[in-house]
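Since the structure comes first, as structure tokens, the remarks are kept for the end.
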Amino acid sequence: MLIVAQIRENKEKFIAALAKRNFDASAIFEEVLQLDETRRSTQTQLDKVLAESNRLSKEIGMLFKSGEHQKANKVKEQTAGLKEESKQLTDLLQSTQEALQERLYNIPNIPHESVPAGKSEEDNECIFTAGEVPQLHEDKLPHWELAKKYDLIDFELGNKVTGAGFPIYKGKGARLQRALITYFLDKNIEAGYTEYQVPLVVNEASGYGTGQLPDKEGQMYHVQNDDLYLIPTSEVPLTNMFRGDLLTDKDLPIQCTAFTPCFRREAGSYGAHVRGLNRLHQFDKVELVNLVKPSESYAVLDQMVEHVKGILKELKLPYRILRLCGGDLGFTSALTYDFELFSTAQDRWLEISSVSNFEDFQANRLKVRYKNSQGEKELVHTLNGSSLALPRVLAGILENYQTPEGIKIPEVLVPYTGFDIID
RNA sequence: GGAGAAAUGGCAGAGUGGUCGAAUGCACCGGUCUUGAAAACCGGCGAGGGUCACACCUCCGGGGGUUCGAAUCCCUCUUUCUCCGCCA
């Protein structure tokens, strides 16, 4: 959520920046500024009425105490009008605040200056490529065929138990997945992150806090009986742990990691791009969340990118890094780097990690602040990234490590899997 | 699931209708003293809105109500604790 005072001061600059997202902010900014003006003037009027009625109340109290009941009752009569007035002003204030909030909730974050303009993923900017694309044998298969051939993942069984998009992993498929989870968590802990286990359902306030609500309402599974939402990513519970907190500069940076399943309705997805593990309703992910001082957030973003690079290097997978263009940038993000793994058998790139700096956009919604060394209160910056999303990494390993003899296991994972080939 | 009790500042804990944003202690910050530290003493010390700065307003788990006036009374929700029941 943007800060109103900043919209007021940087209106033209922000409009230009949001244009990179193809978001025309000029009208909504006018509404916001107008509503804020109304809000403040209403507040001032209300304060005056309340001050007067507080003053009279005290007077009445003193008159009663000194036994001057008649005088007191006379003063009482004066309060009736004030009461009515304060009620009207309170109602106006509340409706103004709600309208303002509603506008603010629907304005996306200001993209960082390095974000390229663009409409879709076509316009993302590739900034780094690494790893060798392996030369596979003639009969190479996509991962869904491999999963069937070696009995690693049963999609039909998932359809039977739940529905499309809920695969069942079995045998070495399940063990490889579990190995990856543990390996990722270990790498994150090694880098200084603290591991958490968090709830998989969250309340509405948490959904608003990290920005899934109201922007992505239809993407989350909603448990209506209890008004709870299945998490689309552990970013939601991890970041919301700090909702409303006033931290000290000694508490920062806060570095959290968690493994959780993620649930996404993926309404509107279809076709070949959702085949196999490419897009699921339930998938596993290990996530990183950072809360840092504003001055450090871009350095931390770079560290997170380096961290993910380190993991992919150890797994010896071919990948590239994209700087997302304005049109592809998430609602809450100021700058996002996507990691994409090259799927040799499918001959396409698969997104496996997304690392973002939200600056103070989430922190302002969540009201996560800290007292800096001068004792001033400031919003923190929040960042998160996947390290990593499981299914597509699994798909990439299956496809890139396939040989006529079977699927080799990346060396670094063998201590975790306990086997070095799937055959 | 049933019965009862409770929710106050970072923590502990007073306050049961009027000048209470709230005693006191601990913690924390600054100062005096000390070679330095501790102790002792002095001072400061919740959050939000608003203002150039004050003033002023709001907040005692959340929401609603009674009243001229609510931390205090009423309703409701949530959470915690104790006892009983059930249970991986």
Side-chain angles (χ1 to χ4, degrees), chain A residues 1-9 32-105 197-209 213 223-229 237 240-252 254 291 360 362-380:
Chain A
M1 189 165 75
L2 299 181
I3 298 163
V4 176
Q6 290 188 0
I7 295 178
R8 206 181 306 135
E9 283 162 32
V32 165
L33 295 178
Q34 184 59 52
L35 285 165
D36 186 56
E37 188 61 42
T38 308
R39 193 204 103 232
R40 280 182 296 156
S41 68
T42 309
Q43 180 82 63
T44 306
Q45 284 179 61
L46 176 62
D47 284 359
K48 276 187 189 146
V49 173
L50 290 174
E52 177 63 5
S53 93
N54 285 345
R55 194 183 66 74
L56 292 177
S57 288
K58 279 179 188 170
E59 201 178 317
I60 291 166
M62 295 211 274
L63 288 172
F64 271 121
K65 226 171 215 176
S66 60
E68 299 171 83
H69 293 264
Q70 272 198 335
K71 249 183 172 174
N73 282 323
K74 215 168 175 188
V75 179
K76 253 194 204 181
E77 286 165 22
Q78 294 179 41
T79 62
L82 291 175
K83 223 177 169 182
E84 184 52 37
E85 208 174 333
S86 88
K87 191 178 150 30
Q88 280 177 14
L89 287 167
T90 304
D91 289 348
L92 176 60
L93 183 63
Q94 199 182 334
S95 61
T96 308
Q97 272 170 338
E98 279 167 11
L100 178 60
Q101 187 76 305
E102 193 266 329
R103 301 297 189 290
L104 289 172
Y105 270 147
Q197 290 192 3
V198 294
L200 305 183
V201 289
V202 294
N203 56 31
E204 191 181 41
S206 292
Y208 274 97
L213 293 174
V223 183
Q224 291 186 351
N225 274 349
D226 300 290
D227 202 15
L228 297 170
Y229 294 86
N240 273 283
M241 295 195 295
F242 305 96
R243 171 154 43 88
D245 284 2
L246 179 54
L247 306 161
T248 70
D249 60 344
K250 287 179 198 131
D251 295 325
L252 301 175
I254 290 172
L291 277 67
D360 60 14
Q362 279 185 333
N364 188 37
R365 280 192 178 204
L366 292 156
K367 297 289 176 266
V368 186
R369 293 159 304 148
Y370 82 106
K371 267 190 187 163
N372 64 25
S373 48
Q374 280 86 50
E376 295 157 343
K377 288 176 278 277
E378 255 187 295
L379 291 166
V380 302

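Letters A, B, ... are given to chains in the order of the sequence lines, protein chains preceding strands, and every chain is numbered from 1. None of the values given here were measured: they were computed from a predicted structure.
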Item to check | Rounded distance in Å between the C1' positions of B/G50 and B/C57 | outcome: 8 Å
Checklist entry - If you pin A/Lys48 and A/Asp36 to their nearest nucleotides in RNA chain B, which one's is more 5'? => result A/Asp36
Checklist entry - Any donor-acceptor pair under 3.5 Å linking the side chain of A/Arg243 with the backbone of A/Gly209? => result no
Next on the checklist: Show the nearest heavy-atom pair for residues A/Val49 and A/Leu89, with the distance to one decimal.
Outcome noted: CG2-CD1, 3.9 Å
Item to check | Separation of A/Leu82 CG from A/Asn54 CG (nearest 0.5 Å) | outcome: 10.0 Å
Checklist outcome for this item: Rounded to the nearest 0.5 angstrom, the CD-CG distance for A/Glu378 and A/Asp249 is 10.0 Å
Next on the checklist: Going 5' to 3' along RNA chain B, between which two nucleotides do contacts with chain A fall, using a heavy-atom cut-off of 4.0 Å?
Outcome noted: B/G18 to B/G69
Checklist entry - If we take the C1' atom in both B/U32 and B/A38, what is their distance in whole Å? => result 15 Å
Item to check | A/Gln34 backbone acceptor or donor facing A/Thr38 side chain under 3.5 Å | outcome: yes
Next on the checklist: Rounded at 0.5 Å granularity, tell me how far OH in A/Tyr208 sits from OH in A/Tyr229.
Outcome noted: 7.0 Å
Checklist entry - Taking the six-membered ring for Trp, are A/His69 and A/Phe64 parallel (under 30°), tilted (30 to 60°) or perpendicular (over 60°)? => result perpendicular
Next on the checklist: Which is more 5' along RNA chain B, the nucleotide nearest A/Phe64 or the one nearest A/Lys377? Just name the residue.
Outcome noted: A/Phe64
Item to check | Main-chain N/O of A/Asn364 paired to A/Asp360 side chain as donor or acceptor, under 3.5 Å | outcome: no
Checklist entry - Looking at RNA chain B, which of residues 40-47 of chain A put a heavy atom within less than 4.0 Å of it? => result A/Arg40, A/Gln43, A/Asp47
Item to check | Nearest-Å distance once atom P is located in both B/G25 and B/G43 | outcome: 12 Å
Next on the checklist: Rounded to the nearest 0.5 Å, what separates atom CG in A/Leu92 from atom CD in A/Gln97?
Outcome noted: 10.0 Å
Next on the checklist: Suppose the criterion is salt bridge (Lys or Arg N to Asp or Glu O under 4.0 Å): which pairs have a residue in residues 35-45 of chain A, not counting sequence neighbours?
Outcome noted: A/Arg8-A/Asp36, A/Asp36-A/Arg39, A/Asp36-A/Arg40, A/Glu37-A/Arg40
Item to check | CE on A/Met241 to CD1 on A/Ile254, rounded to 0.5 Å | outcome: 8.0 Å
Checklist entry - When the C1' atoms of B/U35 and B/A22 are considered, how many whole Å apart are they? => result 44 Å
Checklist outcome for this item: Symbol by symbol from the 5' end, with Watson-Crick or G-U pairs under 3.5 Å, [ ] crossing and | another strand, RNA chain B is ((((((((.[[[..)..(.....]]].(((((.......))))).((((......)))).[[[[[..)....]]]]])))))))....
Checklist entry - Near RNA chain B, under 4.0 Å by heavy atom, which residues of residues 49-59 of chain A? => result A/Leu50, A/Ala51, A/Asn54, A/Ser57
Item to check | Non-hydrogen atoms of A/Asn240 and A/Ser206 that approach each other most closely | outcome: ND2-O, 2.9 Å
Next on the checklist: Counting neighbours of NZ on A/Lys367 that are heavy atoms of other residues, nucleotides or ligands and sit closer than 6.0 Å, is the number greater than 12?
Outcome noted: yes
Next on the checklist: Using a 4.0 Å cut-off on heavy atoms, which residues in residues 69-95 of chain A reach RNA chain B? List them by number, or say none.
Outcome noted: A/Lys76, A/Thr79, A/Lys83
Checklist entry - Roughly how far, to the nearest 0.5 Å, is OG1 of A/Thr42 from CG of A/Leu93? => result 6.0 Å
Checklist entry - So does A/Lys48 pair up with A/Glu52, basic N to acidic O under 4.0 Å? => result no
Checklist entry - Using the C1' atom in both, what is the distance from B/U16 to B/A27, to the nearest Å? => result 29 Å
Checklist entry - Can you list the steps and then say if A/Asp47 with A/Gln43 is a side-chain hydrogen bond (donor to acceptor under 3.5 Å, both in side chains)? => result CA-CA 6 Å; A/Asp47 284 359; A/Gln43 180 82 63; 3.1 Å; yes
